[in-house]
S.K.: 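Structure below; questions to follow.
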Amino acid sequence: MVDLETFTTVRDLLVGPTGFVILLTVVVALVYWRTRSLHVFWYRLWRLFVSRQCRPDSAVERYHEDQMEMLKFRFCTHIPVRTPLQIPPIIDWMRRHDQDAAAIVACGAYFDVAKPGLTQAADSFNRKWVLMPFAMAIVFFLATFAAGMGASLDRALLQFKATGNWFFLDENGARPLGDSPGFLFSKCGASSDVLAKESGFEPQEVSILCDAARTDDVVKFVRKVVGQQRIGFGAFALFLLGATLTFASAVGRVNAMLKLRQIVREKADAQPEAEASTG
């Protein structure tokens with residue numbers, strides 16, 4: 001029977017010092033992602049290792065409290081305010097327009113936190129312009145799918161230097177890129193012209209493939225090329241996926257901005273009517 005005490009498992013690492021370091025890293029990353037600041041951690045380090053004395057009447061302490069309030073607002077709402085003075089107008093804006101922080105965050109750069117309100121670019125944005133990032137997201141998504149399919153191939157994708165034609169090569173045979181059936185290397189005893197008519201290759205290409213199949217290196221060559229193209233297609237797919245997410249995020253921000261713009265305009269149109277009826 002195997003003595004499991006002689007091995008270190010992943011669970012042992014996670015419940016030990018390594019797990020604590022990972023958890024601390026995740027917490028720090030989460031706080032920085034939400035607040036875009038490490039002020040909280042620097043202050044805690046100062047209190048922990050340098051001095052715990054606190055003077056409530058100190059300008060530094062007042063500044064720290066203001067910063068902590070601003071960072072708390074950033075962390076909870078993810079609204080990128082730059083100063084504590086920007087917070088009350090934003091809260092007032094959300095109350096007047098009956099919106100939450102998520103609606104502001106979804107607009108991204110189309111919402112000016114210093115104003116606060118939608119930017120001039122958002123006011124002049126044409127709805128038809130959203131078609132461009134949407135189309136680019138679709139194009140990059142299809143390209144990402146194609147690159148992912150290329151990474152999953154178990155056959156080598158090659159091109160004849162002499163003819164420029166692309167084809168698939170595996171350990172047992174070859175097939176042109178397209179609808180042609182190709183041929184198995186076991187049929188290389190037949191005439192090159194006959195195999196060319198049946199497979200879709202040119203006679204010159206059939207001769208090249210059959211000559212390569214007679215050597216013992218074709219299997220190693222195919223496996224080597226397949227490994228290389230998986231790395232290449234995989235890296236390209238990740239790049240295309242990043243571009244897809246970038247354009248998809250742009251579409252999301254534009255749609256959120258258009259929705260919020262419609263709400264703001266409806267509120268602005270309804271306000272004069274309400275004042276007129278009251279008067």
Side-chain angles (χ1 to χ4, degrees), residues 7-14 18-19 21-22 25-26 28-30 32-33 132-252:
F7 302 102
T8 299
T9 64
V10 174
R11 178 183 177 278
D12 297 331
L13 292 175
L14 293 179
T18 303
V21 173
I22 293 175
T25 303
V26 171
V28 172
L30 176 62
Y32 182 79
W33 173 62
M132 180 177 294
F134 179 76
M136 295 300 296
I138 295 297
V139 170
F140 276 104
F141 173 77
L142 295 177
T144 302
F145 180 77
M149 292 293 293
S152 65
L153 287 175
D154 57 357
R155 296 173 292 179
L157 178 61
L158 304 170
Q159 182 188 34
F160 290 105
K161 292 183 178 180
T163 62
N165 296 327
W166 289 88
F167 68 101
F168 292 111
L169 178 69
D170 58 29
E171 301 175 4
N172 300 314
R175 183 173 66 83
L177 192 64
D179 299 330
S180 301
F183 69 96
L184 298 175
F185 292 144
S186 59
K187 296 183 177 180
C188 280
S191 171
S192 298
D193 293 333
V194 175
L195 282 179
K197 292 180 180 180
E198 295 177 353
S199 63
F201 286 107
E202 297 181 7
Q204 178 186 1
E205 296 171 345
V206 172
S207 300
I208 295 174
L209 291 172
C210 287
D211 289 342
R214 295 188 183 97
T215 66
D216 296 332
D217 296 335
V218 64
V219 176
K220 296 180 181 179
F221 176 77
V222 169
R223 292 177 180 176
K224 178 181 178 180
V225 173
V226 167
Q228 292 174 346
Q229 72 184 21
R230 282 178 177 172
I231 295 175
F233 276 119
F236 192 45
L238 290 177
F239 168 76
L240 293 173
L241 178 61
T244 303
L245 295 177
T246 299
F247 283 104
S249 298
V251 173

S.K.: If you round to the nearest 0.5 Å, how far is CG of L195 from SG of C188?
M.R.: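 Interatomic distance, C188 SG to L195 CG, rounded to 0.5 Å: 6.5 Å.
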
S.K.: Over all heavy atoms of both residues, which pair between A250 and P133 is shortest? Give the atoms and the distance, please.
M.R.: CB-CB, 4.4 Å

S.K.: Kindly indicate, with the supporting measurements, whether the criterion side chain to side chain contact (heavy atoms under 4.5 Å, CB included) is fulfilled by L209 and F167.
M.R.: CA-CA 11 Å; L209 291 172; F167 68 101; 3.7 Å; yes

S.K.: Can you tell me if Q159 uses its side chain to pair, donor with acceptor, with the backbone of W166 under 3.5 Å?
M.R.: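 No; judged by distance alone, with no hydrogens or angles, the pair does not exist.
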
S.K.: What's the shortest heavy-atom distance between R214 and D211, and which atoms?
M.R.: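 Closest pair (atom of R214, atom of D211, distance): NH1-OD1, 2.7 Å.
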
S.K.: Mind listing the closest non-hydrogen atom pair of V225 and A156 along with its distance?
M.R.: CG1-CB, 3.5 Å

S.K.: Can you give me the closest heavy-atom contact between G234 and A151, atom names plus distance?
M.R.: N-CB, 3.9 Å

S.K.: First locate atom OG of S192, then atom NZ of K197, and finally report the distance between them rounded to the nearest 0.5 Å.
M.R.: 12.5 Å

S.K.: Step through the shown structure and confirm whether more than 12 heavy atoms of other residues, nucleotides or ligands are within 6.0 Å of CZ on F221.
M.R.: no

S.K.: Take atom CZ in F168; do more than 12 heavy atoms of anything else shown fall under 6.0 Å from it?
M.R.: yes

S.K.: When you look at R230 and D154, which way does the side chain to side chain contact (heavy atoms under 4.5 Å, CB included) test go after all the steps?
M.R.: CA-CA 9 Å; R230 282 178 177 172; D154 57 357; 3.9 Å; yes

S.K.: Which atom pair, heavy atoms only, marks the closest approach of S199 to V206?
M.R.: OG-CG2, 4.3 Å

S.K.: In Å and rounded to the nearest 0.5 Å, what is the CG to CZ distance from L241 to F145?
M.R.: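 Between atom CG of L241 and atom CZ of F145 there are 13.5 Å.
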
S.K.: Over all heavy atoms of both residues, which pair between R155 and Q229 is shortest? Give the atoms and the distance, please.
M.R.: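 Scanning both residues, the minimum pair turns out to be O-NE2, 2.6 Å.
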
S.K.: Quick one: CG on L245 to CZ on F140, what's the gap to the nearest 0.5 Å?
M.R.: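 Going from the CG atom of L245 to the CZ atom of F140 covers 11.5 Å.
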
S.K.: Report the distance from atom CD of E205 to atom CG of N165, rounding to the nearest 0.5 Å.
M.R.: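 Atom-to-atom, E205:CD and N165:CG are 4.5 Å apart.
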
S.K.: Taking the inter-plane angle between the rings of F185 and F183 on a 0 to 90° scale, is it parallel (under 30°), tilted (30 to 60°) or perpendicular (over 60°)?
M.R.: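 Geometry flag for F183 against F185: perpendicular rings.
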
S.K.: Compare all side-chain heavy atoms of T163 with those of F201 and state whether any distance is below 4.5 angstrom.
M.R.: no

S.K.: If you measure from CG on L158 to CG on L177, what distance do you get to the nearest 0.5 Å?
M.R.: 11.0 Å

